[in-house]
Every structure is written in C-alpha cells, then in structure tokens.
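Chain letters run A, B, ... following the sequence lines, proteins first, then strands; residues in each count from 1.
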2 protein chains.
Amino acid sequence: MSQREFELIRRLFRERVQAADDLPVGIGDDGAVLRVEAGELVWAIDTINAGVHFPTDAPAHAVGHRVLAVNLSDLVAMGATARWALLSLSLDETPDEKWLEGFCAGFFELAERAGVVLGGGDMTRGPLAASVSLLGRAGQAVVTRRGARLGDWLLVSGTLGDARAGLDIALGDDHVINEHERSLLARYLYPEPRLGLSEPLARYATSAIDLSDGLCADLGHLLRESGVGAELALDQLPLSPALRAHAAEEAPELALAGGDDYEILCTAGPDQVEALESSAQAAGLTLQRIGRIVEQRGLQIRNAEGERVSPPTGFSHFGETDA
Amino acid sequence: MSQREFELIRRLFRERVQAADDLPVGIGDDGAVLRVEAGELVWAIDTINAGVHFPTDAPAHAVGHRVLAVNLSDLVAMGATARWALLSLSLDETPDEKWLEGFCAGFFELAERAGVVLGGGDMTRGPLAASVSLLGRAGQAVVTRRGARLGDWLLVSGTLGDARAGLDIALGDDHVINEHERSLLARYLYPEPRLGLSEPLARYATSAIDLSDGLCADLGHLLRESGVGAELALDQLPLSPALRAHAAEEAPELALAGGDDYEILCTAGPDQVEALESSAQAAGLTLQRIGRIVEQRGLQIRNAEGERVSPPTGFSHFGETDA
C-alpha cells in the first residue's frame, strides 16, 4: 500500500483502538492476542457483500454498522456477550477517505455501545465487501437452535417485516418519503442487535436463532435442528405502526417471509416464559408470544379465525444461509 | 436456500466435522462454542478474492487450501498453534457441486494436517471470495512485529520469489510447461504454511512476520513496528533451483519484491540464532540468514561485491495490507 493509505488506516483504525487487559496485542500485527479466562467462548463470522446484503450506494456509516450488527445478533442468539472483533474489508479501488471515515464511524459507534474492541484484520482489493469475526463470552448457559421442546412457547423480539419494506423503499425510485417510510428505511439500514436479550436468553430460553433470512426460513432451521414442529398465530405477529400504515395488506406476508429483521426468535418452557418476558422487559425489550412448539413436524400457521394459512413460498432473494 | 443446497452443505461440511472436547457446538448454529483454558489466544482473519488473490479459474482445491494456508501462516508468524477455524464463503451463483467438493477437499486436507477443526461459518451470494478466521493457542511467548533489536540476525524460511514466478506462469498463455515451471506454479497455487516454525519462533525469535506482500514490503512493516533498520545481503537470499532455471536474471528482484511466498521472516539475537536454526531444522525446515538489524532506519541492500543496490520500487500489484 502507499504511504497515504498506510497513514489513512493508521488514523482511522489504529488510533481509535484502546489497549485493553484482555487484548494485549491488537491492530498492526499478523494476529491479535486475546487474554481469556477458562470457560466457553462463542464465535461467529458473517460477510456482507455490496449489491447482495446492502445496496452498493448505501451510506458507508450504515455498512460499518451492519457488518458488526449482524454478527452481534448471532452472539445474542447464543446467549453470549461479544467482546472482540476482527474486520476484513475488501475495497474495489483505492480507499475513498470519506467512505472509510463513514464506515469507521458506523462500526466504532456500535462497537463502543456493545463493549466490543477491534483486534485488527485486513484490508484488501476486491468487490466491496466486509467480513467480521466476533468472539465473546458464553452466558450462564449456551443457547442453541437444538433445544426447543414440546409445549414451549415461541417468542419474537421487536417487530417483523419492517426491514423488508425498508429494503423495497431503498431500492425504489421515490425521492420523497414520508415519516413511516423513513422509519422502515432506518430499520433496514440500521439493524439493531438486541444486546439486552443475551442474559435473559441464557437464563430462561430453551433455544434461539436470529432472524436474517425471514421468520419462516429461520424458524424452519430451528425446528429442524430441534426435531420438532410449530404452530404460529398469524394475528400475534408483532407489526409496527409504520409497516401497518405503509403496507397494510402485505404486512403479514412481509412479517413471515421478509429478511433482515435481525430480531431474535426463541423458545421457552411454560414455567420459564414469564421470567423470560420480565427479564427482557427489564432490559427495555419486548418479546411477543407468537406460537407454540408441537409434536407434528413442520410449520402450521393459523389466522385469527383459527383457519390454516399456507406458509409463504421459500423467500430467498438473498439466498443466504449458514454453513 | 433450497433443500438441495442444504443437503449439499450438510454432506460437504457438517458430516466431515468431528465433535471435539474443545468445540462443544460446531457447524449449524448461529455461532460456534469453544472451550478454552485460561491464557492467551492468537486470532487472525484473511479474505481471498477471485481475480485478486487467486485467478478466477484456479482449481477449487487450491482455493480451499489457500484461504486456510494464508491464515495458518499468520498464526505461525505469531508463534502460535492454530486450533479452530470459521469459514465464510461467497459464491456468485448456485453452488457448483464439483467446485465445492474440490474446495472442501483442499480445505479439509490442510485442516487435518494442521490439527484445525472447523466450527462453522456462513455461505452467501456474492463475487467469489472466501474468508477464514483462525484462532489458536499462543506458544511459550507471543512473537510480534515489534521485537527486532539492534544486532539481531534477519532470517527467512524456504525460498523466495517462486510464488510470483508461478503467478506469472498461471496468468500466461503457455499450455506446455516444463518441470521447473510446474514446481513454481505449485508454489503459487499451494502456499505451504511453515507450521513447524511456531515453536522455534516462540522460543527463540525476537520478531516475525509472514511474507504475503513480498520481502521488502513486509520487512518494511517489521522495521517500522520495531523502530529499527536492516541491512540485507542480496547474495544470501534463498533461491530455488527452479527459479534460477526459470528466471536467472530476474530472480533476485522476484525474491525481493514478489508476493505470495508465505515464508516466515524473523529476527533472533546473536546468542539465540543458532538455537533457532537447529530447532527449525529439527522440524524439517530451513532458515537462511539474510541480513542484520541496524540502527539506521530504512533498508539497505548490498550485493555480493558489497555495493549498495536500490530496493525495488513498491511492489503492490495486489495492493494488500493489514488493517
């Protein structure tokens, strides 16, 4: 790299990083050195590609936020608390200083809020993309996709479908957008990892998964891993006022199949579900009961009248999955 | 993802993964769970992009090997022993089964040899690229780029310049290649992480860096981080018979500036250098003394006659750097 690039990276990354007791060697070496206690760590990696996971012209600040947010969401779903991050950034041309500044601002603002320190990474040429690997400490228990049990309640955080509606707005031609649309667009551009749920999940949930592909698709993963089925109450899906106002008719479909919500889907036994809800509430977050775990494999969806509704056909415009 | 893709991933990845005591939760969840002892871990991430870090038509087997090899090389340079990996794979179309099989074969063959277990990752749409994040245990000491001291010997493993010559062969039109060229091409396609050097470095080296950008560029990083300069003896650079045969005149330039060698450059004090060399030799690897650390900042290169030679101008065809 050129001297200019070197100085840019030094200014944007190295000078923002504080040494920490549990990160004795950080940015600027072949690897980061972490100091850990004996116990369990939880570890994730997620890549976001321009034109696939975010629009090529998305604000750099939102891209920096997103690549960390989607990884934080993974760790929350495991009941873990993130602590260390590595970042790999591919840029298709000589780094644009303004773009990198925006990216770093988005990344570090969320990192600070989440208590995450950056331990280094690499920057390289290639189609615009960012990968983060995130490591953290397991909570009181590790929450997986495998623990859902017959009779468990199925719960979801926040509201569903907003991000998908926001994506449609981002991809649309309309330059004048109203307040609702602005709020949906923000839900798409700035997925909010539900950090406060880590501890409640670790204490009270039997299983959890974060919603990146859409409720039906991700619930499908959870059911398959747990070897159970579920009944979902369509009229219990949490919908935001903005989504109801923007797409009243389509809203349930967007909630079932829309991706990018990064809400947490989880299960809890009947004797633990209230403790889970109170504990989430104490962290300022809501969990809505949307169904139950049943013996019969697969997913049954019922509307307010108790009639069965077909699940939306596989929603895979991003074609994403976990390996 | 489709059912077919799901089954493909299950067959290629999940079924090849053995449960391990220190990996209680692996592939198939939002994150991997690691069980660790108290102490220091060393952690790296590296991304390789098609058309930048490997030719788009490179054999899938070589791509799977490469993405793990370049990360292993980072951990060796820190004196650490790799143990856990996460993989993020971007594929520009529906997974080609044959390609993925080749990739997995290359990846897992090296993983097994290195004692590395795969803990999961993600697979997603995007321009062909792979990222690996690799975590391992620190050795007796952590080796960084900052420890080179006045009077230290400068040493390098293996031979230099082969990979760059191999890249030129890979990008060339010649379909008939001789034995030397085949060997250089293999050096480019299959960088060999010097796993056996982890322990010798942790015991005896004062600093180390792996050679991805080329000797001069990476030595520059090491000198800057250590706050010292170096004198390099051009006639001491280890050149392979294949490189001498293929490019006699250009060989020293390729050794100085060619990238992708993934050899280890390290320093050791006069009282430790022999122990370092013997210890490397016991692991079946050679370290060649190529210069000394001096007080005067920057890099001085001398030829066999003791005359100063200009360093090659910044070689950055890959424009790669560490953040």
Inset, instruction - Side chain from CB out, backbone as N, CA, C, O: work out which of these in A/Ala208 comes under 4.5 Å of a heavy atom of chain B, or both, or neither. - result: backbone
Inset, instruction - Using the test side-chain contact (heavy atoms from CB on, under 4.5 Å), find all partners of B/Thr81 that sit at least two apart in sequence or belong to another chain. - result: B/Ser198
Inset, instruction - Check whether any side-chain heavy atom of A/Glu225 sits under 4.5 Å from a side-chain heavy atom of B/Asp29, and report yes or no. - result: no
Legend entry - Heavy-atom pair with the smallest gap, counting every atom of A/His53 and B/Thr124: NE2-OG1, 2.7 Å
Legend entry - Any residue meeting side-chain contact (heavy atoms from CB on, under 4.5 Å) with A/Cys104, in chain and number order, not counting sequence neighbours: A/Leu12, A/Phe13, A/Phe108
Inset, instruction - Please report the shortest heavy-atom distance between B/Ile45 and A/Gly121, naming the atom on each side. - result: CG2-CA, 3.7 Å
Inset, instruction - Below 4.5 Å from any heavy atom of chain A, which atoms of B/Val42 appear? Answer side chain, backbone, both or neither. - result: both
Legend entry - Contact check, side chains of B/Glu40 and A/Leu34, non-hydrogen atoms, under 4.5 Å: no
Inset, instruction - Mind ranking B/Asp22, B/Leu135, B/Leu118 by heavy-atom pairs under 4.5 Å with chain A and telling me who comes out on top? - result: B/Leu135
Legend entry - Part of A/Val25 lying under 4.5 Å from any heavy atom of chain B: side chain
Inset, instruction - Name the region of A/Ala130, side chain, backbone, both or neither, that has any atom closer than 4.5 Å to a heavy atom of chain B. - result: neither
Inset, instruction - Might you point out which heavy atoms bring A/Val33 and B/Met78 nearest each other, and give the distance in Å? - result: CG2-CE, 3.8 Å
Inset, instruction - To the nearest 0.5 Å, tell me how far A/Ile48 CD1 sits from B/Asp122 CG. - result: 11.0 Å
Inset, instruction - Between chain A and each of B/Ala77, B/Ser131, B/Gly39, B/Ala138, count heavy-atom pairs under 4.5 Å; write down the option with the most. - result: B/Gly39
Inset, instruction - May I ask you to test the A/Ser133-B/Leu86 pair for a side-chain heavy-atom distance under 4.5 Å? - result: yes
Legend entry - Best-contacting candidate, A/Ala129, A/Pro127, A/Ser88, A/Ser73, against chain B by heavy atom pairs under 4.5 angstrom: A/Ser88
Legend entry - Residue A/Leu41 versus chain B: region with a heavy atom under 4.5 Å: both
Legend entry - B/Asp30 versus A/Asp210, closest heavy-atom pair with distance: OD1-OD1, 3.0 Å
Inset, instruction - State, yes or no, whether a side-chain contact exists between B/Thr47 and A/Ser90 at a heavy-atom distance under 4.5 Å. - result: yes
Legend entry - Any side-chain heavy-atom pair of A/Asn49 and B/Arg125 under 4.5 Å: no
